Number of protein chains: 2
Amino acid sequence: MKEMNFKTLEWKDGYLVILDQTKLPLQVEYLDCKNFEQVAKAIKDLNIRGAPAIGIAAGFGVVLGMQNRDYKNWEEYQNRLNQVISILESTRPTAVNLFWALDRMRKVVENNKDKNFEELNQLLLKEAISIHQEDKLMCERIGEHGASLLKDGDTVLTHCNAGALATGGIGTALGIIYTAQAQGKKIKVFADETRPVLQGARLTVWELKQEGVDVTLICDNTAAVLMKKKKIDCVIVGADRIASNGDVANKIGTYNLAVLAKAHDLPFYVAAPSSSFDPSISDGEKIKIEERSEDEVTCGFGKRMTPLGVKVYSPAFDVTPAELITAYITEEGIKEGVRFKV
Amino acid sequence: MKEMNFKTLEWKDGYLVILDQTKLPLQVEYLDCKNFEQVAKAIKDLNIRGAPAIGIAAGFGVVLGMQNRDYKNWEEYQNRLNQVISILESTRPTAVNLFWALDRMRKVVENNKDKNFEELNQLLLKEAISIHQEDKLMCERIGEHGASLLKDGDTVLTHCNAGALATGGIGTALGIIYTAQAQGKKIKVFADETRPVLQGARLTVWELKQEGVDVTLICDNTAAVLMKKKKIDCVIVGADRIASNGDVANKIGTYNLAVLAKAHDLPFYVAAPSSSFDPSISDGEKIKIEERSEDEVTCGFGKRMTPLGVKVYSPAFDVTPAELITAYITEEGIKEGVRFKV
């Protein structure tokens with residue numbers, strides 16, 4: 001299994017160590033999360049982000065919330081579990097992996113009511129480690145399936161960060177690029193800077209450079225003209241949640257790229273673990289979209305750039321309808337989308 | 001004629017006063033340009049920008065370059081004129097108005113070789129003032145023609161700044177909004193922030209607020225989802241140069257919006273004086289596109305946001321093909337584009 005030159009998150013000596021993504025790319029600093037409140041804050045404040053990574057961190061958050069406490073009885077244990085999960089659930093609303101991981105943790109307790117609290121906590125830790133390990137494996141599989149879609153010399157456009165920094169492994173969209181590169185294919189990448197929080201400029205560029213990938217940074221509004229000039233062979237993005245009809249919620253700007261890809265007849269691929277598919281949601285319009293603080297737009301670069309009191313509309317995600325998607329790349333294989341052509 | 005609450009540029013007491021747009025919106029400061037080198041630098045450094053405003057400033061730049069000097073003979077006068085024009089021409093390559101205005105200044109001298117140097121300089125000043133006055137009038141006419149396309153309650157999406165700050169009058173795209181508002185129509189505006197230099201966030205939002213227009217700021221990548229949600233009735237942008245086949249060079253991101261507008265069946269209007277039409281250029285691909293410094297992308301606003309040494313692709317403009325344009329709004333009227341429907 002490919003090891004990255006950095007660790008996005010790691011369980012170490014009984015606590016969770018998180019690479020602080022708000023400090024990247026200029027400082028490489030780690031946050032030690034020794035209680036679940038710190039994990040919840042790290043998710044909310046984007047110290048860790050990316051749908052799969054949030055799920056993994058939340059799993060370890062439950063472990064931290066439950067361990068090293070005296071429980072008088074089962075009710076006390078159960079109340080604490082509900083409290084911890086409820087606070088972790090409230091951190092970010094859009095990524096389904098968070099809820100999926102917390103559900104897995106809850107089920108461990110439900111299915112092992114005969115165990116004592118110490119044993120239960122051991123099982124919770126085992127489950128959190130499994131979620132992390134499975135994610136690593138899923139990234140590998142996604143990378144292998146996706147790499148089969150890339151030819152030597154291809155140029156990929158990506159948005160936001162669906163990389164190792166967003167997962168427990170090599171990433172989803174970027175994992176495909178790392179895998180293709182490891183297979184000896186020369187792949188070039190254009191990375192959208194991804195306003196307002198600049199995950200592309202800060203994170204995708206940083207991690208692609210760590211791994212020696214040829215990357216060029218562009219402003220989000222420059223993708224269209226690159227497509228027109230035939231400088232792009234395909235678009236690969238991640239997903240925060242996929243509805244059962246195939247609609248994809250992902251970072252704001254993803255829908256824009258999908259419209260452009262269709263207009264320029266370019267494949268538009270969504271790379272995500274199957275845990276990003278949410279069978280409980282029929283279509284994308286029902287996915288709850290987080291709106292973030294207007295400060296991210298008005299003073300995102302350390303300096304206020306617009307008059308005081310201006311109205312701002314800043315949804316963190318948008319929904320790309322299934323009909324704009326060429327294929328979904330999951331750990332299970334390539335799932336054809338509406339735009340798929342052989 | 002509508003007077004704005006601020007002056008973008010003004011000829012005053014024998015020199016040119018420019019509202020310093022690099023300081024907006026947080027500081028309202030004026031630059032006194034007392035020689036032509038200062039005007040050239042102000043254009044190059046974006047203290048003044050916008051195709052029509054650049055043309056006007058260049059006209060006054062010629063005046064400043066020629067006045068208050070002793071000329072021994074005709075050759076010396078002519079050499080100086082060539083030098084001044086050539087330096088002003090070299091400031092920015094894309095906007096045609098710059099070359100158009102400098103041509104007008106040159107012709108004044110060519111057509112009046114019988115005059116003495118003092119008289120010639122007076123004629124140059126008269127011509128520069130005419131260019132400015134004509135631009136004001138053109139903006140009024142564009143505003144009137146364009147306002148006929150807007151209904152009470154419409155919401156307009158605009159990109160970059162094609163406003164009073166880009167012209168000698170009320171602006172082109174934004175002049176239409178001011179005129180419609182003065183006619184009693186309620187018009188809402190979404191303003192793209194317009195990376196990398198944020199002319200939308202800094203300038204368009206500022207001037208719309210000065211004039212009491214209801215404006216909401218968005219990141220460039222958010223326009224698509226607003227169109228999908230039917231929150232936009234039309235797109236109006238300016239133009240830096242229009243080729244004879246109708247292709248439009250304008251701020252990077254314009255082509256993106258034109259593709260989106262077509263995909264969502266929304267009108268896409270280009271508002272520009274007829275001086276932006278360049279009959280010498282057959283199609284948009286032949287328009288020279290300025291590439292600007294990568295610093296504008298990597299550390300535009302007081303803080304570096306991406307790793308050192310990253311490659312950046314940052315064209316300042318893009319070309320929108322004629323087939324994506326609904327209509328051109330000039331001082332002469334509404335010129336139907338390929339997408340025009342009655």
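Excluded from the calculations below are hydrogen atoms, water molecules and symmetry mates; all remaining heavy atoms, backbone and side chain alike, are included. In what follows, chains carry the letters A, B, and so on, assigned in the order in which the sequence lines appear, proteins first and then strands, with residues in each chain numbered from 1. In this text, all values refer to a predicted model and were calculated from it rather than measured experimentally.
- By number of non-hydrogen pairs under 4.5 angstrom with chain A, the leading residue of B:His159, B:His264, B:Glu294 is B:His264.
- Once rounded to the nearest 0.5 Å, the distance linking CG of A:Leu198 with OG1 of B:Thr298 reads 11.0 Å.
- With a 4.5 angstrom heavy-atom cutoff, A:Ser314 does not touch chain B via any of its atoms.
- Annotation: maximal heavy-atom pairing with chain B below 4.5 Å, among A:Ala223, A:Ala224, A:Pro307, A:Ala263, occurs at A:Pro307.
- Residue contact with chain B, scored on non-hydrogen atoms closer than 4.5 Å, is absent for A:Lys231.
- Of the listed residues A:Val259, A:Thr222, A:Ile218, the one with more heavy-atom pairs under 4.5 angstrom with chain B than any other is A:Thr222.
- Residues B:Pro321 and A:Lys228 form a side-chain contact, since some pair of their non-hydrogen atoms from C-beta on lies under 4.5 Å apart.
- For the atom pair CG of A:Asn256 and CG of B:Leu226, the computed distance is 11.0 Å after rounding to the nearest 0.5 Å.
- To the nearest 0.5 Å, the span separating SG on A:Cys219 from CD1 on B:Ile252 amounts to 8.0 Å.
- Options A:Tyr313, A:Phe190, A:Trp206 differ in how many heavy-atom pairs under 4.5 Å they form with chain B, and the most are formed by A:Tyr313.
- A:Asn221 places a side-chain N or O within donor-acceptor distance of the main-chain N or O of B:Arg195, the cut-off being under 3.5 Å.
- For A:Glu285, the part lying under 4.5 angstrom from a heavy atom of chain B is the side chain only.
- Both the backbone and the side chain of B:Ala201 have a heavy atom closer than 4.5 Å to some heavy atom of chain A.
- Here A:Asp214 pairs with B:Lys311 in a salt bridge; the nearest charged N to carboxylate O distance falls below 4.0 Å.
- For chain B, the option among A:Thr320, A:Leu203, A:Val319 with the highest count of heavy-atom pairs below 4.5 Å is A:Val319.
- Here the side chains of A:Leu26 and B:Lys303 are not in contact, with every heavy-atom distance at 4.5 Å or above.
- For B:Lys185, the NZ atom is densely surrounded, since the number of other residues' heavy atoms within 6.0 Å is greater than 12.
- With respect to chain B, the highest number of heavy-atom pairs below 4.5 Å among A:Ala191, A:Gly253, A:Gly200 belongs to A:Gly253.
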With side chain to side chain contact (heavy atoms under 4.5 Å, CB included) as the test, would you mind laying out the steps for B:Glu193 and A:Thr306 before giving the verdict? CA-CA 9 Å; B:Glu193 65 172 359; A:Thr306 195; over 6 Å; no

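- Among A:Asp318, A:Leu308, A:Val215, the residue with the largest count of heavy-atom pairs under 4.5 Å with chain B is A:Val215.
- Counting heavy atoms from C-beta on, the side chains of A:Leu217 and B:Val297 come closer than 4.5 Å.
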